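Note on naming: letters A, B, ... go to the chains in the order of the sequence lines (proteins, then strands), and numbering restarts at 1 for each one. These numbers come from a predicted model, not from an experiment.
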Number of protein chains: 2
Amino acid sequence: METAIDTRQKFIEAALRLFADKGFYGASMDQIAGELDMTKQALIHHFGTKEKLYRAVLAQISERLLKQVNNQQADSGASGKNAFADAIQRLFEHTLTYADDTQLLMRELLDNKRRAAQAEVWYLRPFLEELRRLLMQTPAWAQADEAQAAAQVYNLLGAINYFAVSTTTLEQMYSARHVAALRAEFPQRLHRLAQTPPD
Amino acid sequence: METAIDTRQKFIEAALRLFADKGFYGASMDQIAGELDMTKQALIHHFGTKEKLYRAVLAQISERLLKQVNNQQADSGASGKNAFADAIQRLFEHTLTYADDTQLLMRELLDNKRRAAQAEVWYLRPFLEELRRLLMQTPAWAQADEAQAAAQVYNLLGAINYFAVSTTTLEQMYSARHVAALRAEFPQRLHRLAQTPPD
DNA sequence: ACTTTTGCTTACCAACTGGTAAGCTGTCAA
DNA sequence: TTGACAGCTTACCAGTTGGTAAGCAAAAGT
C-alpha cells in the first residue's frame, strides 16, 4: 500500500501539469487520475471534489512562490534595499525551472477576475502582497502609494511571465538558439525594469 | 428572417465574451447560443464546429488589433520614428475599451504553447509581427536582433495586458479610486517602458 | 404559382463530466 | 485471530458535452 501522503503529492503534481496545460475546465478528473494509472475515484477519495483539488494545487504553488521570494540568500548583502531586486531575479529563475507554476499562475490571474467576487480566500494574494512589501522597502518606493506599488509588481510579473510563456512560441517563430540568447540577457533587462521609479 | 451575416456577428461577439471569461473549454456551445436566445444547433449551422467558431473569434480580434496598430493618426507627426510608441499607446487604449479582446489574447498566448505544434496558422502572428516591425523602424532598435525585438514586444504586451487584467483584482484589494489614478498615470509609465533600448 | 434556398428548430446520440455508494484487499493494532 | 481502518476499485448515476440528421416555415428567385 502506498502511503496517502505520497499519492496525494503525486496527484497534486499531475493536476498541476494538466491544469497548467489546459485550464481548470480543460483537465478532467479522469485524465489527472490516469497520469498515475489510477481511477478518478482514487482522486476523489483524496480530495473530495475537483474544486478542492484545484485549491490544493494552488496552495502549493503559492507556498512555493512565497518561499522563493522570501528565501533571502546569504550573499545578498544588504537586505532590505536589494531584497526586492533579488526576489524578482529568483522569481525569474523559478519561472524557468517551474514552467507549469507560471502557466497556472497566469491562468489564475485571468480567472480571478470572475472568481474574485465569490472567493473567500485568494491563494495568490499573500505572494503578491509580499512582493509589494519588499518593493516598498526600497528607498525609491518607500513613499509611494500601495496600489501604485502593486501595479509595479504586476508589471514586472507580466514581463517575467510573458517571457516565460512565450518562449515556446518564440522558438517556433525564430530559433531555439536565439531564444536561449534572450534568456541569458533577460536578467539584465529585468534588473533595469525593476529599477523603474514610481511616477 | 434575420440576415445570416448579422447573426454570425452577434454569435461571434457572444462567443468572444464567454471565451474571454471562461476559456475555450469553460464556455459551451449551448451557453453561447443561449446569449442570443437560440439553440446551439443554430450556432453549429453557422460555424460548423466549436473549433471553427473559436477561430472566427480569434480572426476578428486579430484583425481589430492589427487595425489599431496600423491606424496611424494624422497628428502623429513623423511616422516611422514615433509610430511604435503611438501604436503601443493606442493598444493600451484599445485594451481598456475592449477588455474581452485582452482577456482572450492572454488566454490564447497561454494555449498557443500547446497549439503551436499542430496549428497551421496562428492568427495572432501578423499582429505580433507588425508590432515588431514598427519597433525595428525606430533608430534605437534598427540594428537589433529580430528575436530580441520580439521579446521587447512581448514585454510591453505583458505590461499592458497584466495591467488591464489585474484592475478588477486591484480594485478589490485597494479601491476603485486608486486604480483610476493608476490608469491615468499608466500611459507615462508605458512610454518610459517603450523607450527601453536593446541590451 | 412553383420551386429553391436560407435560417433556423426538434429529435436524437454516444461520449464524457463530476460525483455517490458500496465493496474489496492489504496493513496494522489489540 | 480478529477487528478496524486505510487505500483503493467496480458499479452506477444524472447531467452536460459537441455533433448529426431530418424537418419546417419564411423569404427569394423564376
Among A/Lys40, A/Arg17, A/Lys10, which residue satisfies the salt bridge (charged side-chain N to carboxylate O under 4.0 Å, His left out) criterion with A/Glu35?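 One option only clears the test, and that one is A/Arg17.
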
Distance in angstrom units between [X] [atom1] and [N] [atom2], rounded:
X: A/His46; N: D/dA6; atom1: NE2; atom2: C1'; answer: 9 Å
X: B/Asp37; N: C/dC8; atom1: CG; atom2: P; answer: 13 Å
X: B/Ile32; N: D/dG19; atom1: CD1; atom2: C1'; answer: 14 Å
X: B/Tyr25; N: C/dC16; atom1: OH; atom2: P; answer: 14 Å
X: A/Leu43; N: D/dG7; atom1: CG; atom2: C1'; answer: 13 Å
X: A/Asp30; N: D/dT9; atom1: CG; atom2: C1'; answer: 13 Å
X: B/Lys40; N: C/dC12; atom1: NZ; atom2: P; answer: 14 Å
X: B/Met38; N: C/dT6; atom1: CE; atom2: C1'; answer: 13 Å

Closest approach of A/Val69 and A/Glu130, non-hydrogen atoms and distance?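 So the minimum-distance heavy-atom pair works out to CG1-CG, 3.9 Å.
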
So which heavy atom on B/Arg8 is nearest to which on B/Ala56, and how close?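 That closest heavy-atom pairing would be NH2-CB, 4.3 Å.
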
Taking C-beta and beyond as the side chain, do B/Tyr174 and B/Leu182 meet within less than 4.5 Å on heavy atoms?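 No - every pair of side-chain heavy atoms lies 4.5 Å or more apart.
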
Is any side-chain heavy atom of A/Leu110 closer than 4.5 Å to a side-chain heavy atom of B/Leu110?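 In short, these two side chains touch, coming nearer than 4.5 Å.
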
Side-chain donor or acceptor of B/Lys50 under 3.5 Å from a matching atom on the base of D/dG19?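 In this structure, the two groups form no donor-acceptor pair.
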
Let me know, please, whether B/Thr49 or A/Ala42 comes out on the 5' side of the other along DNA chain D by nearest nucleotide.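 So the residue in question is A/Ala42.
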
Contact under 4.0 Å: B/Thr7 side-chain N or O vs C/dC8 OP1/OP2: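 Answer yes for this pair, as a side-chain N or O of B/Thr7 is under 4.0 Å from OP1 or OP2.
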
Distance test, side-chain N/O of B/Ser28 to OP1/OP2 of D/dT16, below 4.0 Å: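 Answer no for this pair, as no side-chain N or O of B/Ser28 is under 4.0 Å from OP1 or OP2.
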
Hey, does B/Ala33 reach any base, or is it just sugar-phosphate, or nothing, if we go heavy atoms under 4.0 Å?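 Nothing, no heavy atom under 4.0 Å.
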
Could you check which of D/dG7, C/dT20, D/dT10 has an atom nearest any side-chain atom of A/His45?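 For A/His45, the side-chain atoms sit closest to D/dG7.
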
Pick the closest DNA chain C nucleotide for B/Gln41 and for B/Arg8 by heavy atoms, then say which residue is nearer the 5' end.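 Between the two, 5'-proximity favours B/Arg8.
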
